[in-house]
Amino acid sequence: MRNPRYAFRADEKLMLAYQRGEVAAFEELYRRHKDGVYSFLYRNCPRPAVAEELAQDTWAAVVDSARRYTPEAGFRTWLYQIARYRQIDYWRRRDNHHGPLETEDAAVAVTPEGDSAAALLAAIGELPGEQKDALLLQAQGFSVAEVAEITGVNTETAKSRLRYARKRLR
């Protein structure tokens, strides 16, 4: 249930309130961002169980790191950095000899729109990891500067990754 006391507070202020022990502030942050984090993770690893596990690991890391959070970086940027690192760790742990992951969602719409969407998702899945991350983060609404910060590169590198990703998708 949404707490009206926290409904209109900025994410950074909510995280600082959580640092002071206000659990309801964390609940509001979770409510605001849980779907976006899951969506980002799912698009990079289209297996719902794995995406859910990575999302839970992300939120556990937020709780564990709460005392060290400083609002210099926006909360959302910091959150997606954590999610991205959890995802990278997953892929590193995964045996390199496995083939590509199959989705557990067996049915894809057989409409022309469904075919186009499936083709686009497949093409995104074939992008190199850095380009895919940049593209998916921008699709989540992050600016190029935020994509650069989350991925740990300079702005020009982020722009290049986005440009190459779009070119490859065309």
> Please list, chain by chain and in numerical order, all residues satisfying side-chain hydrogen bond (donor to acceptor under 3.5 Å, both in side chains) with Asp89, sequence neighbours excluded.
none
> Is Tyr85 linked to Val62 within one hydrophobic cluster, defined over Ile, Leu, Val, Met, Phe, Trp and Tyr using a side-chain heavy-atom separation of less than 4.5 Å?
no
> Taking all non-hydrogen atoms of both residues, which atom of Glu12 and which atom of Pro71 are closest, and how far apart?
CB-CB, 4.1 Å
> Taking only residues two or more places apart in sequence or in another chain, which ones pass salt bridge (charged side-chain N to carboxylate O under 4.0 Å, His left out) with Asp57?
none
> Indicate the atoms forming the closest heavy-atom contact of Thr58 with Ala83, along with that distance.
OG1-CA, 3.4 Å
> Rounded to the nearest 0.5 Å, how far does CG of Leu79 lie from OH of Tyr30?
11.0 Å
> Can you give me the closest heavy-atom contact between Ala17 and Arg9, atom names plus distance?
CB-NH2, 4.1 Å
> In terms of the angle between their ring planes, are Phe75 and His33 parallel, tilted or perpendicular, with boundaries placed at 30° and 60°?
tilted
> Check for me, please, whether Trp91 and Leu41 land in the same ILVMFWY cluster - side-chain distances under 4.5 Å, paths through other members count.
yes
> Might you work through the side-chain contact (heavy atoms from CB on, under 4.5 Å) test for Tyr42 and Arg47, ending with a clear yes or no?
CA-CA 7 Å; Tyr42 180 77; Arg47 188 173 278 170; 6.0 Å; no
> Do other residues, nucleotides or ligands put more than 12 heavy atoms under 6.0 Å from Arg68 CZ?
no
> So, taking the atom named OG in Ser65 and the one named CH2 in Trp78, what distance separates them when rounded to the nearest 0.5 Å?
5.0 Å
> Hey, what do you get for OG1 (Thr151) to CD1 (Ile88), rounding to the nearest 0.5 Å?
9.0 Å
> Are Val153 and Phe40 linked, directly or through other ILVMFWY residues, by side chains that come within less than 4.5 angstrom of each other?
no
> Run the salt bridge (charged side-chain N to carboxylate O under 4.0 Å, His left out) test against Glu156 and tell me which residues pass, sequence neighbours left out.
Lys159
> Can you tell me how the ring of Phe26 sits relative to the ring of Tyr18, calling it parallel under 30°, perpendicular over 60° and tilted otherwise?
tilted
> Kindly work out whether a path of hydrophobic side-chain contacts (I/L/V/M/F/W/Y, heavy atoms less than 4.5 Å apart) joins Val147 to Leu169.
yes
> Who pairs with Gln56 by side-chain hydrogen bond (donor to acceptor under 3.5 Å, both in side chains), at least two apart in sequence or on another chain?
Glu52
> Restricting to side-chain contact (heavy atoms from CB on, under 4.5 Å), what partner residues turn up for Glu149, sequence neighbours left out?
Ala73, Thr77, Gln81
> Please test Glu28 against Arg32 for salt bridge (Lys or Arg N to Asp or Glu O under 4.0 Å), starting from the C-alpha separation and ending with a verdict.
CA-CA 6 Å; Glu28 178 66 17; Arg32 287 180 187 179; 3.0 Å; yes
> Restricting to non-hydrogen atoms, name the atom on Ala51 and the atom on Tyr38 that form the minimum distance, rounded to 0.1 Å.
CB-CE1, 3.6 Å
> Could you grab the distance from atom CZ of Arg76 to atom CG of Asp11, nearest 0.5 Å is fine?
8.5 Å
> Decide whether Leu14 and Tyr69 are clustered together by the hydrophobic rule: side chain heavy atoms of Ile, Leu, Val, Met, Phe, Trp, Tyr closer than 4.5 Å, transitively.
yes
> Return all side-chain donor-acceptor pairs below 3.5 angstrom for residues 121-140, not counting sequence neighbours, or 'none' if the list is empty.
from   : atom 1 : to     : atom 2 : distance (Å)
Asp133 : OD1    : Asn44  : ND2    : 3.2
Asp133 : OD2    : Arg84  : NE     : 2.9
Gln138 : OE1    : Arg166 : NH2    : 2.2
Gln140 : OE1    : Arg43  : NH1    : 3.0
Gln140 : NE2    : Gly36  : O      : 2.8
Gln140 : NE2    : Tyr80  : OH     : 2.9

